[in-house]
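Here's the structure, in structure tokens; my notes come after.
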Amino acid sequence: MQNREIAAIFNELADLLEIKGENPFKVRAYRNAARTLESIGKPVEEMVAEGKDLSILPGIGKDLAEKIKEILRTGKLQKLDNLKKEIPEALRALLSIEGLGPKRVKVLYETLHISDPDALKEAALHHEISKLPGFGPKTEEKILKGIRLLKQEGVRFLFAEAEPIVEELIAYLQKAPGILTIEAAGSFRRKKETVGDVDMLCTAKEPPKVIDYFTKFSQVLEVISAGTTRSTVVLKNSLQIDLRVVEKESYGAALHYFTGSKTHVIAIRQIAIDLGLKINEYGVYQKEQKVAGLTEKDVYESVHLPVIPPELRENRGEIEAAAKNRLPNLITLEDIRGDLHMHTTYSDGMDTLETMVKTAIAKNYTYIAVTDHSATLAVVKGLDAQKALKQFEEIEKLRERYAPFHIFKGMEVDILEDGSPGMEDDILKQLDIALGAIHSKFKLTRKAQTKRLIKAIQNPYIKGIAHPTGRLIGKRAPLELDFKEICKAIKEEGKFLEINAQPERLDLNDVLIKEAREKGVKFSIATDAHASGQLSYMRYGINQARRGWLEKEDVVNTKSLETLVKFLK
DNA sequence: GCCGTTTTCGGCCCGACTGTTTTCAGTCG
């Protein structure tokens, strides 16, 4: 049982309790616990197995610790099952309709016996909703709109999908009348691998004019709200954007607040309270006196901390590290000297080897590794021994032509079910960088999958593991692995784990990167480019690495050519 | 239901926006 499955049970319980009209603080307690479960890296199942007390976790007390154990033991929660007999589960779906919260859902259920979106639509079309006390024609209209916009639960955008839209919107808003500054906050600023919506923050001479201009952005499908300082719209691609206009004097406090994460902000506010201060989105206050708020730096200084980079603001130890002045010196894109994973027309890449070389040189890289697929991978035409030898020849020619730029002979070698590489040793031993990668048999048991990967790591020719967990965000779950054992093997063998920068892979995730780093694992950050343009995906890998607390020294492709060659040997 | 350097009770973030109502409740972030 995974943490997020337990979190889902708590969230469901919270929804139903809320509709029932339970104490809102109790409801929040369940939600807080769910958030804790989602954000801690370690499975609570392991903690229980180790005999650890779960109530050490923030937001989890005696009662919830017991409920978690019940879920782990029985796979379900009696309290939730009981509640479902009282309140139809389907009512939850109504909560995700814009403008409908627990109170209104309760009224709709108790008066009109509406328990699903279809019945709700019927009732709205027959103008039954507007007759209810507290409801009116506008609400009815809004509900119909909300049903049309009803998003499936948990639809999030890949960071790389949101990025161009945010850039376009910023360019547009920079032309708004009287605009002073404009910036994206929220999970986008924290460079999270997926974003649910985008929070934008600006300062302006006449806020209402900017709001008006914002709602006229060409991609806007629906204006949800538009006040004097704040507006929410949904774009044609269903991405929601919130814009807030704030006073210049409050900008730092607002930026901190809207950048989040929620748990980070709460933790910072708690420190402020302990110091006799109060932080809100407008500033830092001592009694009634505002003492800071202009910049984020001022906000952090008020609680005696250095500025914490947005990528780290997840309440995963960054505040403690900041207090001890031990924040990592995070890696940057400029630290990268080369790319160690890419494909060419020798396998499933779109561009020739030489084009990849030229593009890498234009990026001021010192080296690349060309890593086409081995032929065992049935879905793509890969390299057999003969084709590999032909590629070696071309690489040697290009090395001469483009010296001192260096091209490593590499290969993305399929790891077979038994953990052996899908390429003969005779070829493997001629490679500088063989990356092991799993492309099949994703469903092996945790034990078998771990054994398979460790065997590959121990293979003397394999230097690193590409996209280690095999996940595709929103599409394919990560492999079942004993990650601790994987890290141990990587470290013992002096190998590296790849952080794959493809936007829908971003594999490893931030939590695993941090965990591996703490165990002394080295990483590569590589694009797995299948076209020369994708070499610029490196920035997404950097985002992920920063969220995983990596410094330059943790990453092998920040090293000079000489040092990297030594490392590979 | 959680939590504690005002501790075992009594707090728990709170302001903006909207719609319905006429001073406020519900929702949202």
Side-chain angles (χ1 to χ4, degrees), chain A residues 10-11 13-15 17-19 21-36 54-68 77 79 94-108 129-143 145-146 185-187 195-201 207-208 211 215 223-234 240-247 250 253-254 256-285:
Chain A
F10 283 167
N11 276 325
L13 185 59
D15 281 352
L17 286 174
E18 204 172 24
I19 294 169
E22 253 300 353
N23 175 359
F25 298 109
K26 186 190 277 193
V27 173
R28 190 183 301 168
Y30 280 104
R31 296 232 163 90
N32 287 342
R35 197 178 312 115
T36 294
L54 295 179
S55 64
I56 56 166
L57 296 170
I60 292 174
K62 217 176 140 196
D63 183 273
L64 288 183
E66 201 43 57
K67 287 197 167 72
I68 291 172
L77 187 60
K79 188 180 166 83
L94 299 180
L95 288 177
S96 50
I97 293 168
E98 179 79 37
L100 278 193
K103 299 275 171 62
R104 285 178 177 155
V105 167
K106 188 173 188 227
V107 171
L108 289 168
I129 309 277
S130 54
K131 291 181 205 140
L132 295 173
F135 290 73
K138 291 254 179 123
T139 305
E140 195 169 69
E141 188 88 351
K142 200 174 171 186
I143 285 172
K145 246 182 215 172
S187 53
V195 298
D197 58 11
V198 177
D199 295 295
M200 312 274 291
L201 206 59
I211 297 285
T215 60
V223 178
I224 304 287
S225 72
T228 53
T229 64
R230 188 172 147 176
S231 172
T232 299
V233 301
V234 175
Q240 181 172 312
I241 316 271
D242 295 324
L243 176 72
R244 288 178 176 82
V245 192
V246 301
E247 296 290 337
S250 299
H256 182 254
Y257 177 70
F258 291 116
T259 296
S261 66
K262 193 167 175 168
T263 55
H264 174 89
V265 170
I266 290 171
I268 294 290
R269 284 183 176 190
Q270 188 57 51
I271 297 174
I273 291 169
D274 295 345
L275 292 168
L277 300 168
K278 185 186 150 193
I279 301 181
N280 60 27
E281 62 199 271
Y282 298 101
V284 183
Y285 296 84

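One can place CD of A:Glu18 at 12 Å from P of B:dG26, the figure rounded to the nearest angstrom. Between A:Lys106 atom NZ and B:dG26 atom P the separation is 11 Å, expressed in whole Å. We find that CZ of A:Arg244 is positioned 9 Å from P of B:dG29, with the value rounded to whole Å. The distance between atom CD of A:Glu247 and atom P of B:dG15, rounded to the nearest whole Å, is 16 Å. Atom-to-atom, CZ of A:Arg31 to P of B:dC2 comes out at 16 Å; the value is rounded to the nearest Å. Atoms CG (A:Leu77) and C1' (B:dG1) sit 13 Å apart, rounded to a whole Å. Following rounding to the nearest Å, A:Glu281 (CD) and B:dA16 (C1') show an atom-to-atom distance of 9 Å. With rounding to whole Å, A:Leu275 atom CG is found 13 Å from B:dT5 atom P.
Between B:dC12 and B:dT7, the distance separating the two P atoms is 16 Å to the nearest Å. As rounded to the nearest Å, B:dC3 and B:dT8 have C1' atoms that lie 10 Å from one another. Distance check on atom P: B:dT21 versus B:dC17 gives 22 Å, rounded to whole Å. Atom name C1', nucleotides B:dT5 and B:dG1: the rounded distance is 24 Å, in whole Å. Rounded to whole Å, the separation between the P atoms of B:dA16 and B:dG10 comes to 31 Å. Taking atom C1' on both nucleotides, B:dT27 is separated from B:dT20 by 14 Å, rounded to a whole Å.
Side-chain contact between A:Asp242 and A:Arg230 is absent, with no heavy atoms from C-beta onward closer than 4.5 Å. No side-chain heavy atom of A:Lys142 sits under 4.5 Å from any side-chain heavy atom of A:Phe135. With a 4.5 Å cut-off on side-chain heavy atoms, A:Ile129 and A:Leu108 count as touching. Within the 4.5 Å cutoff, the side chain of A:Glu140 has no heavy atoms near those of the A:Lys131 side chain.
In this structure B:dT5 sits in the anti conformation; its chi angle is more than 90° from 0.
Taking a cutoff of 4.0 Å between a charged side-chain nitrogen and a carboxylate oxygen, A:Asp199 and A:Arg244 qualify as a salt bridge.
Of the candidates B:dA16, B:dG29, B:dG1, B:dG1 carries the atom nearest the A:Leu64 side chain, counting heavy atoms from C-beta on. Of the listed nucleotides (B:dG19, B:dT27, B:dC2), B:dG19 has the atom at the smallest distance from the side chain of A:Lys138. In the set B:dC17, B:dG29, B:dG19, B:dG29 carries the atom at the smallest distance from any side-chain atom of A:Tyr257. Taking every side-chain heavy atom of A:Lys103 into account, B:dG26 is the closest of B:dG26, B:dC2, B:dA16. The side chain of A:Lys67 lies closest to B:dG1 when the candidates are B:dT27, B:dG1, B:dT20. The listed nucleotides are B:dC17, B:dT18, B:dG15; the one nearest the side chain of A:Tyr282 is B:dG15. Among B:dT20, B:dA16, B:dG1, the nucleotide with an atom closest to any side-chain atom of A:Pro137 is B:dT20. Distances were taken from every side-chain heavy atom of A:Asp199 (C-beta onward) to each of B:dG29, B:dC17, B:dG19; the shortest belongs to B:dG29. Out of B:dG29, B:dT27, B:dG1, the shortest distance to the side chain of A:Arg230 is found at B:dG29. Comparing B:dC17, B:dT27, B:dG29 by their nearest atom to the side chain of A:Pro102 picks out B:dT27.
Considering only side-chain N and O atoms, A:Thr232 lies nowhere under 4.0 angstrom from the phosphate OP1 or OP2 of B:dC28. For B:dT20, one of the phosphate oxygens OP1 or OP2 lies less than 4.0 angstrom from a side-chain nitrogen or oxygen of A:Thr139. Between A:Ser231 and the phosphate of B:dC17, there is no side-chain N or O to OP1/OP2 separation shorter than 4.0 Å. At B:dG29, one or more side-chain N or O atoms of A:Gln240 fall inside 4.0 Å of OP1 or OP2 (strictly under the cut-off).
As judged by a 4.0 angstrom heavy-atom cut-off over every strand, A:Lys142 is placed among residues making no nucleic acid contact. Within the 4.0 angstrom heavy-atom criterion, no nucleotide atom of any strand lies near A:Ala33. As judged by a 4.0 angstrom heavy-atom cut-off over every strand, A:Ile224 is placed among residues making no nucleic acid contact. Residue A:Pro58 is in sugar-phosphate contact alone, with no base atom involved, counting any heavy-atom pair closer than 4.0 Å across all strands shown. Residue A:Ile97 is classed as a sugar-phosphate contact, given heavy-atom separations below 4.0 Å to backbone atoms only. The residue A:Phe258 sits apart from the nucleic acid: no heavy atom pair falls under 4.0 Å. Heavy atoms of A:Thr228 sit under 4.0 angstrom from primed sugar atoms or phosphate atoms, though from no base atom. A:Ser55 comes within 4.0 angstrom of nothing in the nucleic acid, heavy atoms only. Residue A:Leu100 is in sugar-phosphate contact alone, with no base atom involved, counting any heavy-atom pair closer than 4.0 Å across all strands shown.
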Criterion side chain to side chain contact (heavy atoms under 4.5 Å, CB included) on A:Leu54 and A:Glu66, from CA distance to verdict: CA-CA 9 Å; A:Leu54 295 179; A:Glu66 201 43 57; over 6 Å; no

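Both A:Glu98 and A:Ile60 lie close to DNA chain B; mapped to their nearest nucleotides by heavy-atom distance, the more 5′-ward contact belongs to A:Ile60. Each of A:Asp197 and A:Ile266 was assigned the nucleotide of DNA chain B with the nearest heavy atom; the assignment lying further toward the 5' end belongs to A:Ile266.
Residue A:Glu247 qualifies as open at atom CD: its count of foreign heavy atoms under 6.0 Å is 12 or below.
The shortest non-hydrogen separation linking A:Ile211 to A:Thr228 is CG1-O, 4.0 Å.
Checked by atom type and distance alone, the side chain of A:Ser130 never pairs as donor or acceptor with a backbone atom of A:Pro137 at under 3.5 Å.
In this structure, B:dT8 forms no base pair with any nucleotide, since neither Watson-Crick nor G-U wobble geometry is met with both distances under 3.5 Å.
In terms of polar N and O atoms assigned as donor or acceptor, the side chain of A:Asn23 comes within less than 3.5 Å of the base of B:dG1 in a complementary pairing.
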